Amino acid sequence: MLVILKISIKKIKMNFVKELEWRGMLQDVMPGTEELLDKEFTTAYLGIDPTADSLHIGHLAGVMMLKRFQQSGHKPIALIGGATGMIGDPSGKSQERNLLDEETLRHNQEAIKKQLSKFIDFSGKEKNSAIMVNNYDWMKEFSFLDFIRDIGKSLTVNYMMAKDSVKSRMSRDGENNDVEGLSFTEFTYQLVQGYDFLHLYQNNNCKLQIGGSDQWGNITTGTELIRRKAGGKAFALTWPLITKADGGKFGKTEKGNIWLDPKRTSSYEFYQFWLNTSDEDAEKYIKIFTIISKEEIEKLVLEHKEAPNLRLLQKTLAKEATIMAHSEKDYETAIEASAILFGNGTKETLEKFDENTFLSVFKGVPQFKVEKNIFNSGIAILDLLAEKTNILASKGEARRLMKDNGLSINQEKEQNSEKIINTDYLINDKFILIRQGKKNYFLIVAE
RNA sequence: GGGGGGAUUCCAGAGCGGUCAAAUGGGGCAGACUGUAAAUCUGUUGGCUACGCCUUCGGAGGUUCGAAUCCUCCUCCCCCCA
């Protein structure tokens, strides 16, 4: 009897706030939030800036929050900041932002919804199915005069100026002289975002806004507005900025952002990104970016500490993240490619693949097309790397790399920078696999 | 408006007539160690037809056998006094 009760409770609900707490994803929460979620079916929203037609890893923490919120039985709203995206949030930025036109916004919104659907349920079949809204839809009809009369009147400039996001842009001190000043447009941002919250409160009974810690100021402008305009009580919850142990920016590599769109960042690169996290970060990230339970993560951490060389944490993290954001099949391809590239692959093992397999395994590896006939009489390795392809920036760099023993052709080290590459090097009569250092692969396709 | 300081290779920052493709640190790249980790250590970090040549020290001229270094003008930045 007791056992059954326990299971059913566990199945019905996880406690959202407690869940975030142990996952290290709770920065600030307004008093009463946990009680609210406990007591009633709640709707919460997260704002997403539609600056591109794909989310990137920087968005992933927020996406996971929506997912967990839905898992805890409540209803998430993904708010596309069509209107706010046109203004630009001054929080955490030192410069005014470019504005987006409507056509781009709509396109981006559709793409983002598709990506979000992999994480949360938008089907409308459940009571807590997620919905997507775009604040442009209610803001575009709102006249300036109406807005400043109805909304602008409710808050004082004094209140708005007290926000850190505004303060940091108001002063131009010696320490921080790349600060640009704040336009009226940007100053208005918090009011517009605050109005979103009010609008959702009134129309969708949305009582909670969640966001990254930099959003706290904007969110509380919203709860304040709800208090004054609607006499209601609304809540705020934020998570901490995701950091890296070495102080670098999370989610960026030398090659730029890690995107969720496989066209921008291949499954292989996506998988590799997670696999390459340091031990310290992996322990933190696996809590944030997977839905693995507390017990299981604790077990994984212990196992990892016993045999860190197996990188169990990184592998599990990379697996879960890749399957969630891409698919099980993409994950398998990524593993296959990784095994070939980082295992004991030789030219012989590479030759076992037929052309299609080869291409599908290496689709995440940057490819360079060259004319096949250049190999007939042979081509100098330096010309191939620096001129026929842009694999390396200059011949000097190629020479240096070879001298440092950092270049492999078809998995074999090559130090002779006078080497002539001919058709003998073509795998399947078509491919040459170039490796720079340990991790950077390039595929030359001859056709 | 007056006075002063500055602009150097990816960044910070030395150099102040030849020995300067330019110290040092950071970053990048590579190697060793390991686990495709972190830390550490080492090498490397303008280009090329490469013991030589070419292009670089805010821009344009000039002085000189020779200039990142000296002079003139211009542009932009910072500081101080009004």
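Note that the coordinates shown come from a computational prediction; the quantities given were computed from them, not determined experimentally. In what follows, chains are A, B, ... by sequence order, proteins preceding strands, each numbered from 1.
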Enquirer: Under a 4.0 Å N-O cut-off, is there an ion pair linking A:Glu19 with A:Lys294?
Expert: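 Between A:Lys294 and A:Glu19 there is no salt bridge, as every charged N stays at least 4.0 Å from the carboxylate O atoms.
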Enquirer: Using the C1' atom on both, measure B:rG3 against B:rU56 and round to a whole Å.
Expert: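 Here B:rG3 and B:rU56 have their C1' atoms 34 Å from each other.
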Enquirer: In dot-bracket form, how is RNA chain B paired, counting a Watson-Crick or G-U wobble pair only if both its distances are under 3.5 Å and using | for bases paired to another strand?
Expert: (((((((..(((.....[.....)))((((((.......))))))(((...)))...(((((..]....)))))))))))).
Enquirer: Is it the case that the side chains of A:Gln193 and A:Gln209 hold a donor-acceptor pair, with the cut-off being a distance below 3.5 Å and no angle test?
Expert: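 Per modelled atom types, A:Gln209 and A:Gln193 side chains form a pair under 3.5 Å.
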Enquirer: Considering only the P atoms, how many Å lie between B:rG6 and B:rG13, rounded to the nearest integer?
Expert: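 Going atom to atom, P in each nucleotide, I get 13 Å.
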Enquirer: In whole Å, what separates the P atom of B:rG31 from that of B:rU36?
Expert: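 So the two P atoms sit 13 Å from each other.
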Enquirer: Provide, to the nearest angstrom, the distance between the OH atom belonging to A:Tyr441 and the P atom belonging to B:rA30.
Expert: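 To the nearest whole Å, that distance equals 12 Å.
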Enquirer: Using the C1' atom as the point on both nucleotides, what is the distance between B:rG59 and B:rU8, in whole Å?
Expert: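 After rounding to an integer number of Å, I get 15 Å for this pair.
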Enquirer: Should the pair A:Tyr195 and A:Phe147 be assigned to parallel (<30°), tilted (30 to 60°) or perpendicular (>60°) ring geometry?
Expert: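 The arrangement is perpendicular - the two ring planes meet at more than 60°.
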Enquirer: Nearest whole Å is fine: how far is B:rG47 P from A:Glu397 CD?
Expert: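 Taking CD of A:Glu397 and P of B:rG47, I get 8 Å after rounding.
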Enquirer: Closer than 4.0 angstrom, basic N to acidic O: yes or no for A:Asp53 and A:Lys263?
Expert: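 Result for this pair is no, no salt bridge flagged.
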Enquirer: List the atom of A:Thr322, the atom of A:Ser267, and the distance in Å for their closest heavy-atom pair.
Expert: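 Looking at all heavy atoms of both residues, the closest pair is CG2-O, 4.4 Å.
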Enquirer: Would you mind building the protein contact string for nucleotides 34-44 of chain B? One character per nucleotide, 5' to 3', B for base within reach (heavy atoms under 4.0 Å), S for sugar-phosphate only, - for untouched.
Expert: BBBB-----BS
Enquirer: Please compare A:Glu387 and A:Asn405 by the position of their nearest nucleotide in RNA chain B and report the one closer to 5'.
Expert: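 Closer to the 5' end of RNA chain B: A:Asn405.
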Enquirer: Could you tell me which non-hydrogen atom of A:Ser213 sits nearest to which non-hydrogen atom of A:Leu241, and how far apart they are?
Expert: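 Heavy atoms of A:Ser213 and A:Leu241 come nearest at OG-N, 3.8 Å.
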Enquirer: Of A:Phe270, A:Phe250, A:Phe273, which is the lone residue that meets ring-ring contact (aromatic ring centres under 6.0 Å, His included) with A:Phe289?
Expert: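 Filter result, single survivor: A:Phe250.
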Enquirer: Please report the distance, rounded to the nearest Å, between CG in A:Leu401 and P in B:rA30.
Expert: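 Answer to the nearest Å: 7 Å.
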Enquirer: Once you apply a heavy-atom cut-off of 4.0 Å, does A:Lys413 come out as touching a base, just sugar-phosphate, or nothing?
Expert: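 Counting heavy atoms under 4.0 Å across all strands, the contact made by A:Lys413 is with sugar-phosphate only.
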Enquirer: Could you work out the separation of B:rA21 and B:rG46 based on their P atoms and round it to a whole Å?
Expert: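 About 13 Å, rounded to a whole number of Å.
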Enquirer: For B:rG15 versus B:rC29, give the span between their C1' atoms, rounded off to a whole number of Å.
Expert: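 These two C1' atoms come out 27 Å apart once rounded.
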Enquirer: B:rC10 and B:rG1: how far apart are their P atoms, nearest whole angstrom?
Expert: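 The answer is 36 Å between these two P atoms.
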Enquirer: Looking at residues at least two apart in the chain, or sitting in another chain, which of them share a ring-ring contact (aromatic ring centres under 6.0 Å, His included) with A:Phe358?
Expert: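 A:Phe358 satisfies ring-ring contact (aromatic ring centres under 6.0 Å, His included) with A:Phe362, A:Phe431 only.
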Enquirer: May I have the distance from A:Met402 (atom CE) to B:rU45 (atom P), rounded to whole angstrom?
Expert: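 Atom CE in A:Met402 sits about 17 Å away from atom P in B:rU45.
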Enquirer: Suppose you measure atom C1' in B:rA14 against the same atom in B:rA60; what distance do you get, rounded to whole Å?
Expert: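 My reading of the C1' atoms in B:rA14 and B:rA60 gives 27 Å.
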Enquirer: Could A:Asp279 and A:Arg311 be called an ion pair, given the rule that one side-chain N must be under 4.0 Å from one carboxylate O?
Expert: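 Between A:Arg311 and A:Asp279 there is no salt bridge, as every charged N stays at least 4.0 Å from the carboxylate O atoms.
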Enquirer: In terms of base orientation, is B:rC51 syn or anti, with the syn window spanning 90° either side of 0?
Expert: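 Syn for B:rC51; the angle stays within 90° of 0.
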Enquirer: Could you tell me whether the side chains of A:Ser266 and A:Glu269 share a donor-acceptor contact shorter than 3.5 Å?
Expert: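 A:Ser266 vs A:Glu269: donor-acceptor pair found between side chains.
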Enquirer: Can you check the A:Asn440 CG to B:rC29 P distance for me, whole Å?
Expert: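 To the nearest whole Å, that distance equals 8 Å.
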